[in-house]
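Side-chain atoms are counted along with the backbone in the values below, which use heavy atoms only and exclude waters and symmetry mates. First listed ligand is number 1; within each ligand, the first listed atom is number 1. All values reported here derive from a predicted model rather than from experimental measurement.
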Amino acid sequence: MGFKEKIIPDKLPKHIAIIMDGNGRWARQHGHDRIFGHQHGVDAARAAAEASAELGVGYLTLYAFSTENWNRPKYEVEALMTLFVETIRKELDTLNKNNIQLNAIGDLKSLPEENYNRLMETIEETKKNDRMVLTLAMSYSSRWEITEAVRRILSQQDTHQYKAENITEELIAKNLNTADMPDPELLIRTSGEARISNFLLWQIAYTELYFTQKLWPDFTKETLYEAIVDYQNRERRFGLTSEQIIS
Ligand code: FPP
C-alpha cells in the first residue's frame, strides 16, 4: 500500500507550506551547475502543487526566493528570476484549467519589473479560481513581513487611534501578507536541513514540522503523501495535555 491510500481525507491539512531546499546539491551530484538544479526544481514544485490540489488541500505556500537569496552570485539570481518569469508564463493555462489561484507574498516591489508585472497579471487572471491557493513567497522573509506589519499599523494610527492596549495578535495577523490565509498545519523542508530560515515565523507557532533528506528536485507526489501521513499520525495538543485532547 502506498502512502496515498493511508491518507485520512477528513484530517487533511488545509494549508501546507514548503521550504524547497537542495537544488544546488542535487545539481552537483548530477555533475551540473546550480541552475540545472533549479530547472528540475520547477518539476518538483509542479508535482507538489498537483498532488495538493488533487487531494483537496486548500492552500500551498512555496518558499521560492528569500530576502537573503539576493546575496547569491549575480548570475544565479538572474537565472532564477528568468526561470520564475518563464514558469509563471508557461503555467498560466494549467493554473486556470485546474482552478488554482496564484498568490504571492514578500517584498514584491523589489523584484525585477518583468517579474513583478507577470506575477500581478497572473494573480489577476487566476483570482476567480477557488480550488486551491498557490502562494509563492518571493523576496520574502518573516522578519521583513513582521516589520512591515508594525509599520502599517503605526501608519494607520491617525485613522484608527490605536492605543497600546488595542494592539492584539489578531491586529498583527491582519497586517501580515498572509492575512487571508489560515496558518499552515504542516511545514515541510527538504534536503536534511532542520531550520526555518526566516519563513512564516509568526504563522508556524503551532505548525507540525516535517524534515526529509530528499533534495528538492527529487521531491515527488509520494514524498508529499508520506509527509501528510506522518502529520496525521501526530497528536496536535496546542499547549493542552493529551487527556484534554482525547476527552
Ligand atoms: C533551494 O535550493 C531552492 C531555491 C533557492 C529556490 C528556487 C526554487 C525553485 C527554482 C523551484 C521552483 C519553484 C517555483 C515556484 C517556480 P538551493 O539553491 O538552496 O540548494 P542548495 O542548498 O543545495 O544550494
Review point. Using heavy atoms and a threshold below 4.0 Å, how should the contact between L80 and ligand 1 be classified: side chain, backbone, both, or neither?
Key: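 L80 to ligand 1: side-chain contact only, backbone stays beyond 4.0 Å.
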**Study point:** ligand 1 contact on Q39 by region, counting heavy-atom pairs under 4.0 Å
**Key:**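 No part of Q39 is near ligand 1 at this cut-off.
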Would you mind checking which non-hydrogen protein atom is closest to [atom], with the distance to 0.1 Å?
| atom | result |
| --- | --- |
| atom 1 (C) of ligand 1 | M20 O, 3.1 Å |
| atom 2 (O) of ligand 1 | N23 N, 3.1 Å |
| atom 14 (C) of ligand 1 | F84 CE2, 4.1 Å |
| atom 10 (C) of ligand 1 | H38 O, 3.5 Å |

Taking both backbone and side-chain atoms of [X], is any N or O found less than 3.5 Å from an N or O belonging to ligand 1?
| X | value |
| --- | --- |
| Y63 | no |
| G24 | yes |
| N69 | no |
| A45 | no |

So, [X] and [Y], do they make that salt bridge, N to O below 4.0 Å?
| X | Y | result |
| --- | --- | --- |
| R46 | E91 | yes |
| E222 | K4 | no |
| R131 | E54 | no |

Check your understanding: Per the side-chain contact (heavy atoms from CB on, under 4.5 Å) rule, which among L62, N129, T61, N98 passes with L134?
Key ->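 By the side-chain contact (heavy atoms from CB on, under 4.5 Å) criterion, L134 pairs with just one of L62, N129, T61, N98: L62.
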Point to revise | With I228, the side-chain contact (heavy atoms from CB on, under 4.5 Å) member among L55, N233, I8 | key: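 Only match with I228 under side-chain contact (heavy atoms from CB on, under 4.5 Å): L55.
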Practice item. Would you confirm whether W216, through its side chain, and G41, through its main-chain N or O, come within 3.5 Å as a donor-acceptor pair? Key: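 Checked: pair present.
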Check your understanding: Which residue from E76, R34, R25 reaches closest to atom 24 (O) of ligand 1 through any of its heavy atoms?
Key ->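 Among E76, R34, R25, the closest heavy atom to atom 24 (O) of ligand 1 comes from R34.
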**Study point:** E114 atom CD: more than 12 heavy-atom contacts under 6.0 Å
**Key:**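 No, the 6.0 Å shell around CD holds no more than 12 heavy atoms from other groups.
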Would you be so kind as to tabulate the donor-acceptor pairs closer than 3.5 Å made by side chains of residues 158-170, with sequence neighbours excluded?
residue: T159; atom: OG1; partner: Q156; partner atom: O; Å: 3.0
residue: Q161; atom: NE2; partner: D158; partner atom: O; Å: 3.1
residue: T168; atom: OG1; partner: L171; partner atom: N; Å: 3.0

Would you mind listing which atoms of ligand 1 come within a distance below 4.0 Å of any non-hydrogen atom of [X]?
| X | answer |
| --- | --- |
| L83 | 10 (C) |
| R72 | 5 (C), 17 (P), 18 (O), 19 (O) |
| L136 | 15 (C) |
| A64 | 6 (C), 7 (C) |

**Study point:** Linked, directly or transitively: L200 and Y63 (ILVMFWY side chains, under 4.5 Å)
**Key:**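 As far as the 4.5 Å side-chain criterion goes, Y63 and L200 are connected within one cluster.
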**Study point:** G22 to ligand 1, any heavy atom closer than 4.0 Å
**Key:**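 Heavy atoms of G22 do come under 4.0 Å of ligand 1.
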Check your understanding: Tell me the side-chain hydrogen bond (donor to acceptor under 3.5 Å, both in side chains) pairs involving residues 78-88, sequence neighbours left out?
Key ->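 Listed by first then second residue: K74-E78.
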